[in-house]
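Structure first, commentary second.
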Amino acid sequence: MTKRGKWALGTGPTTKSQEHYGFLVSFVSLWLRFQSSQFPVFLLFYCFEMNTMSVRVRFAPSPTGHLHIGGARTALFNWLFARQSGGTFVLRIEDTDQQRSDEEMVQGILEGLTWLGLDWDEGPFFQSERLDLHRAVCQRLLETGWAYRDFSARNEGPDSHRAFRDLSSIEMEECLKGGDPFAIRFKVPEDQTIQFEDLVFGPTTVETNNLEDFVILRSDGYPTYHLSVVADDLEMGITHVIRGADHLSNTGKHVLLYQALDEVVPTYAHLPLILGPDKKRLSKRHGATSVTEYRDHVLLSEAVRNYIALLGWSSGDDSEIFSSDELIKKFNISRISKANAVFDYTKLEWMNKRYISSSPAETLEAGVREQLQKSGLWRSELEEDARPWFLSVIDLLKTRVQALPDFAVYGKAFFTDDFSYDEAAAAKYLKAEQRPILTEALTELRDRYERLPDFTLEKTEEVLREVANKYELKAGQFIGAVRVACTGRAQAPGIFDVLVTLGQTNVLARLDRLIQYVE
RNA sequence: GGCCCCAUCGUCUAGAGGCCUAGGACGCCGGCCUCUCACGCCGGUAACACGGGUUCGAAUCCCGUUGGGGCUACCA
């Protein structure tokens with residue numbers, strides 16, 4: 001039994017068996033705790049409430065594409081809801097569309113979720129392995145008269161199935177003998193108003209007259225989404241269905257199915273859709289939108305998770321940066337927006353940058369290593385003897401880096417001597433008319449640095465400023481030249497940090513190299 | 001086409017009839033800090049889609065228009 005249960009949370013019904021079992025367990029455990037002394041009566045109600053609430057949610061992606069931002073957000077919200085209520089998060093792969101499903105995609109989805117830190121408690125279950133259940137549910141519907149066989153060919157016109165809606169059993173037998181393939185349709189009742197409460201969109205009604213008799217089992221024997229989703233959610237005891245708002249219009253059908261099966265309808269919460277900058281539904285043509293891409297390229301999973309949490313949800317107190325635990329604490333379905341949200345990569349980048357600059361070097365280490373390996377800059381000693389040094393370099397670079405690959409670009413000179421001088425930087429700090437005096441100054445600096453017994457922040461700065469003064473060079477200008485010598489670039493961390501981090505020997509060598517270059 | 005949903009700065013959003021001269025964040029622009037670049041800090045830019053009601057009073061409630069989105073598949 002979970003201890004995180006939140007009795008105040010909600011309104012969702014559960015199946016009767018769960019309710020009673022859970023109630024019993026926590027009642028008994030509390031009873032033992034209090035040793036039957038004075039068992040407070042209100043706790044009895046507490047137990048009952050708590051278990052009525054035993055939340056079970058699921059994320060049910062179809063493996064017809066990568067885990068994209070929208071799916072990830074849906075998964076996140078489900079996960080958050082489960083974690084904060086001490087409920088269960090189930091993962092179910094909806095792969096009943098044989099043609100469009102792909103095993104590689106399944107792997108991608110699993111990896112994406114794992115990367116984001118969204119661990120599931122049960123599953124992954126595959127819908128394709130649950131066909132017996134779906135067919136059994138369909139059979140129940142057929143037997144109770146809620147469904148019928150449609151023998152019409154697909155191309156016979158939009159209403160051809162209606163001819164089979166009220167076939168007598170004798171007529172039906174005839175058709176069956178004919179051996180024609182048939183689909184099974186749900187018999188939508190006429191003139192009814194379906195009602196359900198959506199945690200985001202509020203009370204919702206659907207007129208059955210606006211609904212077709214939808215197919216629940218295709219002629220190839222495979223269930224459609226409507227059937228399988230209801231059958232599975234039912235069988236898995238799902239209490240809260242949290243999914244994209246693209247399903248809102250179809251929810252009437254699902255409610256109808258639950259009612260026809262004489263089962264309790266779960267609580268729904270439909271999430272506003274995530275759109276591209278053109279306000280169209282987010283898709284591949286909007287660029288990088290797959291979670292795997294983010295992982296492989298550049299972004300920190302914490303940043304991605306934090307950013308997508310803000311798509312359609314806000315804390316209400318102006319805060320935007322949350323750790324995983326804070327999110328779990330603060331997340332609240334009632335604060336989910338109804339309006340669709342445009343995905344803004346710029347803000348994601350900002351958040352990523354923020355996360356990078358505020359993460360401890362140890363957290364960044366693996367990602368940076370990967371980037372260095374990609375760029376051929378990795379040396380194994382960086383995870384052995386030189387590891388403390390490696391971490392200090394990360395700390396130096398992390399506030400000025402936009403994304404992970406930048407460590408290998410801005411930071412190149414920390415990991416190899418083989419770098420060239422940036423043209424613009426050279427043009428700015430190694431002007432031709434200054435070169436003679438620069439050569440002298442650099443040479444003196446080099447010699448004095450060589451004689452420095454302790455190569456520290458303070459000493460290197462003191463010496464550099466003295467030399468700059470002596471040759472009547474502006475400190476900034478001189479520093480610029482030294483920076484080019486040491487990093488090849490005009491932008492780098494503070495020069496004395498760079499010097500000390502590089503170490504005396506390296507600095508001397510690099511000064512020599514520049515002196516030769518300007519001569 | 002039919003049905004449904006949504007509508008606050010360019011973007012994400014706060015706002016549940018007077019607290020709104022509409023708040024925060026990203027972006028953008030300026031400034032400070034400073035050896036560069038970042039970080040940080042300070043300041044600025046910019047919105048209640050439109051039109052009618054209801055009300056003493058509306059971003060908030062109602063209606064219409066417009067715009068956007070979704071569904072309408074033997075896709076999910």
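Here is the naming used below: chain letters follow the sequence lines, and residue numbers restart at 1 for every chain. Computed from heavy atoms alone, side chains included, the values below leave out hydrogens, waters and symmetry copies.
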*Paired nucleotide for A7(B) [Watson-Crick or G-U wobble; both distances under 3.5 Å]*: U66(B)
*Are Arg513(A) and Phe419(A) in a cation-pi contact, defined as NZ or CZ under 6.0 Å from the six-membered ring centre and within 45° of the axis?*
yes
*Examine Arg130(A) relative to Phe126(A) and say whether NZ or CZ is less than 6.0 Å from the centre of the six-membered ring and inside a 45° cone about the ring axis.*
no
*Determine the contact category for Ala245(A): base if any of its heavy atoms lies under 4.0 Å from a base atom, sugar-phosphate if only primed atoms, P, OP1 or OP2 are that close, otherwise nothing.*
sugar-phosphate
*What nucleic acid atoms does Gly480(A) come within less than 4.0 Å of, heavy atoms only: base, sugar-phosphate, or nothing?*
nothing
*Across the strands shown, which category fits Arg489(A) at heavy-atom distances under 4.0 angstrom: base, sugar-phosphate, nothing?*
nothing
*For Ser357(A), which contact category applies under a 4.0 Å heavy-atom criterion: base, sugar-phosphate, or nothing?*
nothing
*If you take atom types as modelled and just measure distance, does the side chain of Asp246(A) reach the base of A76(B) with a donor-acceptor pair under 3.5 Å?*
no
_Side chains of Tyr225(A) and Asn250(A), donor plus acceptor under 3.5 Å_ = no
*Classify the side chain of Thr224(A) and the base of C74(B) as holding, or not holding, a donor-acceptor pair under 3.5 Å.*
no
*Across all strands shown, which nucleotide pairs with C19(B) by Watson-Crick or G-U wobble geometry, both distances under 3.5 Å?*
none
_Check this for me: does the side-chain of Arg400(A) come within 3.5 Å of the base of C39(B) through a donor and an acceptor?_
no
*asked:* If the threshold is 4.0 Å, N to carboxylate O, is there a salt bridge linking Arg354(A) and Glu320(A)?
replied: no
*May I ask you to say what Ala183(A) touches in the nucleic acid, namely base, sugar-phosphate or nothing, with a heavy-atom cut-off under 4.0 Å?*
base
*Mind checking Lys428(A) for me? I need base, sugar-phosphate or nothing, with any heavy atom below 4.0 Å counting as a touch.*
nothing
*Taking only N and O in the side chain of Arg281(A), is any of them less than 4.0 Å away from OP1 or OP2 of G68(B)?*
no
*Would you indicate what Pro272(A) reaches in the nucleic acid, counting non-hydrogen atoms under 4.0 angstrom: base, sugar-phosphate, or nothing?*
nothing
*asked:* Taking any heavy-atom pair under 4.0 Å as a contact, classify Ala339(A): base, sugar-phosphate, or nothing.
replied: sugar-phosphate
_Regarding Asn210(A), tell me which of base, sugar-phosphate or nothing describes its non-hydrogen contacts under 4.0 Å with the strands shown._
sugar-phosphate
*According to the Watson-Crick and G-U wobble definitions, with both distances under 3.5 Å, which nucleotide is paired to A47(B)?*
none
*Look at all strands and tell whether Gly312(A) reaches a base, only sugar-phosphate, or nothing, counting heavy atoms closer than 4.0 Å.*
sugar-phosphate
*Strand partner of G30(B), provided both Watson-Crick or wobble distances fall under 3.5 Å*: C42(B)
*Using both distances under 3.5 Å as the test, list the Watson-Crick or G-U wobble partner of G1(B), or none.*
U72(B)
